[in-house]
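Treat the numbers as computed from the prediction; the structure is a model and nothing was measured. The first residue in the sequence is number 1, and the count goes up from there.
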Amino acid sequence: MAPLQQQTIATTLVTRIIALLCCTIVAHAQTARDHAVELRTSATDNGFRIEVDGARSTSTTRVSIRGLGAYDWIDVPLPEGNTGIDVGRADGTTEVRWLIDRTDTAGKAVPADGYAMIRTADDANGKRRVLLIADTQAADALEDVLARYRDDLRREGWSTELATVPPSRHHAQAPQIRSLIREVYQRPLDIPLSHVILIGAIPIPYSGGFSVLGTYPPPDGHEGHGGAWASDCYYADMEIAAGIDAAGAWTDAEVDIADSATAYWERNVNVPGDGKFDQCVIPSDVELAIGRVDMADMPAFGTMADDRRREFELLRRYFDKNHRYRTQGRNIPLRALIDDNFHGFIYEEGGARIHEAFAASAWRSWSSAVDTFVVGDWVPETPTRASLDTMQCLLSYACGGGGFEHCSYVATTQDLVQQPLRAPITLLFGSYFGDVAARNNIMRAVIAADGDALACGWSGRPHWFLHTLAAGETIGDCLVRTQNNAGEYRGAAKVSSDDATISAFDAYRRGVHIQLVGDPTLRLPGPAMPSLAVQRVDDASGNAVDVEITCPDSAKVVIEQGPTADGPWTDAAAVDLGPGERRIVRLSVSTQAGLLRARPYRAADVRGSRLWTNIWGRGTLTAFGPATGVCDVLPDNLGCLQDLHWFDLMGRPISAPRNNGSAGTYLWRSGAASGISVFGFGR
């Protein structure tokens with residue numbers, strides 16, 4: 001929440017523009033991978049070990065650690081020749097920064113950095129609140145899939161809220177959406193708001209006075225792409241300081257850019273009083289993770305301005321993919337694909353040698369999350385797409401010179417219509433398309449296409465930092481970490497021509513253009529969903545239940561109780577289970593509780609050769625009723641059905657009327673607490 005001090009960005013624009021436009025690099029003998037320290041994590045008898053993957057010559061190595069929530073790094077002595085450090089299980093959450101300043105064959109410095117996080121605490125972290133904001137037409141058209149999506153979120157530990165607003169993408173109405181978000185943010189809640197997903201036609205904020213002649217050049221370096229860019233981070237910046245609304249820090253009085261030489265496209269024009277904000281840099285730390293799922297203005301996929309039916313079909317397909325990932329994502333190979341067409345991207349500027357190394361953001365971020373990196377071209381110089389495009393993987397990154405509808409030597413929007421990506425989380429970088437509201441924008445095409453892609457970010461100016469995905473954070477948490485980076489993470493670096501001093505290259509850091517296309521609540525896949533059976537116990541209190549629980553994976557399973565599917569939830573028990581192990585736990589439940597939820601997480605488990613800590617999986621939601629009654633929860637999207645009943649195998653009704661409240665749709669099975677039965681329904 002601390003205000004950011006404005007920084008002057010020294011700019012040599014000719015190099016940046018020509019390089020991004022034509023893929024010409026001043027010097028690229030060094031690769032982006034040379035600028036990343038790849039850290040691997042593993043379990044030991046006494047805790048965990050974090051070490052550098054691969055032997056590379058070094059001139060200087062510096063290792064630092066910090067605890068969760070700390071800003072300052074504390075240096076850790078590293079004996080000569082040692083390539084790893086040990087972390088005890090009792091140390092809580094530990095983040096590691098590893099800097100290696102290498103030299104190339106010409107004796108020039110090659111700055112490299114890497115980061116890793118380990119959560120050693122066996123806590124039940126993961127309870128979060130997410131606000132869904134959908135336009136009214138989309139909410140009506142997608143009622144069933146949004147209900148299923150909320151059910152998926154609840155099973156993973158989220159509390160959910162859905163708000164609907166009239167459809168509009170006009171930037172001038174953005175303050176109304178922010179007021180809605182702030183009302184929820186300020187509300188005294190047992191679980192505070194942390195994530196927001198915008199669905200459909202939700203106003204698009206614009207901000208910036210980018211100019212090649214000003215303090216802040218356009219993030220892609222192009223002269224005609226100045227002015228204001230799409231900027232959902234406006235919705236994320238709630239407070240300038242504790243209790244003080246940040247709205248006043250977003251002004252609309254100073255920037256006056258209307259000439260086509262600076263702002264060629266009308267959406268980038270920014271003049272006083274037009275509802276577009278002045279800021280090029282986020283005024284203060286953001287508090288919320290914002291993601292947008294919007295399929296409008298994508299004629300390559302068949303959308304039309306005066307008919308939203310195709311847009312709704314694409315939104316439905318997106319949430320179908322989302323559900324598939326949440327229920328089957330654990331089967332995705334632990335593999336990352338990287339297509340780097342910029343390499344080291346090194347040039348001289350202002351008495352320093354700049355190392356932007358865009359793809360290093362992927363190498364350093366994903367080394368602790370995958371077993372294998374696959375490197376190559378997505379689109380070779382032949383009519384046939386490369387195998388990387390259709391290879392299933394967990395993560396992918398690609399960069400190249402671009403336009404709104406293409407990333408050079410990678411893909412075009414039209415390519416993605418025919419052959420979608422298979423990576424749920426994708427990062428892209430190139431000219432123009434970081435301004436995501438443009439027609440047929442390739443980043444929006446990534447998630448609009450069939451396949452598996454669910455989230456896309458523009459990583460390179462600045463670098464994104466996603467190493468915490470392997471410690472259970474969401475892609476939205478990584479977005480916030482990137483937006484708030486005020487120097488904790490180095491990313492791009494510069495080497496002084498005078499004394500070879502290495503420092504962070506701060507251009508584009510904390511820019512208002514940093515935003516997420518897709519669902520901000522996505523995590524790496526967790527353990528398989530446990531099964532949960534509840535049976536009332538006849539005792540004096542009347543509040544005892546026996547819970548029979550099993551889980552296909554080795555996991556810790558937290559059992560919670562609550563009155564509704566959106567909580568408030570309180571912990572009732574925690575059980576360590578081996579693969580397929582079955583356990584019966586007796587609980588004393590609150591008289592207010594009608595639901596039990598079992599959520600699995602991997603606190604210190606090895607999957608393949610990677611250690612993921614505190615990765616939550618999909619939970620099981622089960623209702624229970626009065627003594628001798630058993631209740632089965634059905635997905636919320638069945639709420640539109642009528643006359644649900646349980647029947648025995650002879651077709652005789654055995655159920656009492658159904659309940660359909662905020663906890664979801666469920667059926668009481670009274671008089672048939674065990675045995676085989678089926679249910680039927682009508683409309």
Side-chain angles (χ1 to χ4, degrees), residues 41 43 48 93 117-128 130 148-160 194-195 289 321-336 366 368-371 392-395 423-425 452 454-455 466-478 518-532 549-560 569 571 574-581 597-622:
T41 56
F48 309 95
T93 298
M117 177 181 282
I118 292 227
R119 292 184 185 272
T120 60
D122 243 7
D123 58 25
N125 184 24
K127 297 179 184 178
R128 316 287 290 275
V130 57
R148 183 186 63 192
Y149 174 59
R150 295 181 70 185
D151 180 67
D152 287 340
L153 289 168
R154 291 161 175 163
R155 291 173 186 270
E156 293 177 9
W158 297 88
S159 292
T160 71
S194 61
H195 290 58
K321 292 190 299 180
N322 195 302
H323 178 69
R324 185 167 66 243
Y325 175 74
R326 293 178 185 274
T327 55
Q328 304 174 27
R330 58 191 292 271
N331 299 319
I332 297 175
L334 300 186
R335 183 163 52 210
W366 296 338
S368 60
V370 300
D371 292 329
Q392 191 172 37
C393 60
L394 186 61
L395 307 158
I425 295 176
D452 300 290
L454 296 170
L466 301 97
H467 57 284
T468 55
L469 282 174
E473 288 199 348
T474 66
I475 185 66
D477 295 325
C478 297
D519 183 353
T521 69
L522 296 173
R523 296 183 175 97
L524 297 186
M529 181 175 70
S531 64
L532 191 68
I549 186 167
T550 186
C551 188
D553 293 338
S554 176
K556 178 181 284 294
V557 178
V558 174
I559 303 173
E560 303 159 311
W569 291 96
D571 293 348
V575 182
D576 288 303
L577 292 175
E581 182 182 356
R597 179 172 65 184
R599 294 190 299 131
Y601 74 97
R602 185 178 292 108
D605 186 28
V606 177
R607 181 184 180 189
S609 60
R610 297 292 167 265
L611 174 71
W612 294 359
T613 60
N614 283 39
I615 300 292
W616 288 90
R618 177 178 171 83
T620 300
L621 195 64
T622 299

Are L469 and L524 side-chain neighbours, meaning at least one heavy-atom pair lies under 4.5 Å?
yes
Judged by atom type as modelled, is there a donor-acceptor pair below 3.5 Å linking the side chain of R335 to the main-chain atoms of Q392?
yes
For a 4.5 angstrom cut-off between non-hydrogen side-chain atoms, does R597 reach L621?
yes
Would you say L522 and N322 make side-chain contact, with heavy atoms under 4.5 Å?
yes
Least distance between heavy atoms, V557 atom then A598 atom
CG1-CB, 3.8 Å
I need the minimum non-hydrogen distance between G526 and R330, along with the two atoms involved.
O-CB, 3.8 Å
Counting N and O atoms only, with roles assigned by atom type, does the side chain of D152 sit under 3.5 Å from a partner on the main chain of Y149, one being a donor and the other an acceptor?
no
Can you tell me how far the SG atom of C393 sits from the CD1 atom of I425, to the nearest 0.5 Å?
10.5 Å
Here the pair of heavy atoms bringing P525 nearest to G329 is CG-O, 3.3 Å
Interatomic spacing from CD1 in I549 to OG in S531 - rounded to 0.5 Å:
7.5 Å
Distance, nearest 0.5 Å, that separates CG of D477 from CZ of R128:
4.5 Å
Where do I332 and Y325 land on the side-chain contact (heavy atoms from CB on, under 4.5 Å) test, with the steps shown first?
CA-CA 9 Å; I332 297 175; Y325 175 74; 3.9 Å; yes
For the atom pair CD1 (I118) and OG1 (T41), what is the distance rounded to the nearest 0.5 Å?
4.5 Å
Return the NZ to CG distance between K556 and D576, rounded to the nearest 0.5 Å.
3.5 Å
With rounding to the nearest 0.5 Å, note down the distance linking CG in L153 to CG in D519.
7.0 Å
side-chain contact (heavy atoms from CB on, under 4.5 Å) for T521 and R326? Distances and angles first, verdict last.
CA-CA 11 Å; T521 69; R326 293 178 185 274; 2.5 Å; yes
After noting the C-alpha distance and the side-chain angles of R523 and I615, does the key distance pass the side-chain contact (heavy atoms from CB on, under 4.5 Å) rule?
CA-CA 8 Å; R523 296 183 175 97; I615 300 292; 5.7 Å; no
Where do P600 and G619 come nearest, in terms of heavy atoms and distance?
CD-CA, 4.1 Å
Non-neighbouring partners of T620 that pass side chain to side chain contact (heavy atoms under 4.5 Å, CB included), sequence neighbours left out
M529, P530, L532, T622
Could you tell me which non-hydrogen atom of C478 sits nearest to which non-hydrogen atom of E473, and how far apart they are?
N-OE1, 4.4 Å
Give the minimum heavy-atom separation between A289 and G476, together with the two atoms involved.
CB-O, 3.4 Å
Let's go through Y601 and V558 carefully: what are the C-alpha distance in whole Å and the side-chain angles of both, what is the deciding distance for side-chain contact (heavy atoms from CB on, under 4.5 Å) to 0.1 Å, and is it a yes or a no?
CA-CA 8 Å; Y601 74 97; V558 174; 3.7 Å; yes
Check whether any side-chain N or O of T468 sits under 3.5 Å from a backbone N or O of A471 as a donor-acceptor pair, and report yes or no.
no
Under the ring pair (Phe, Tyr, Trp, His ring centres under 6.0 Å) rule, collect the residues that match up with H195, sequence neighbours excluded.
W158
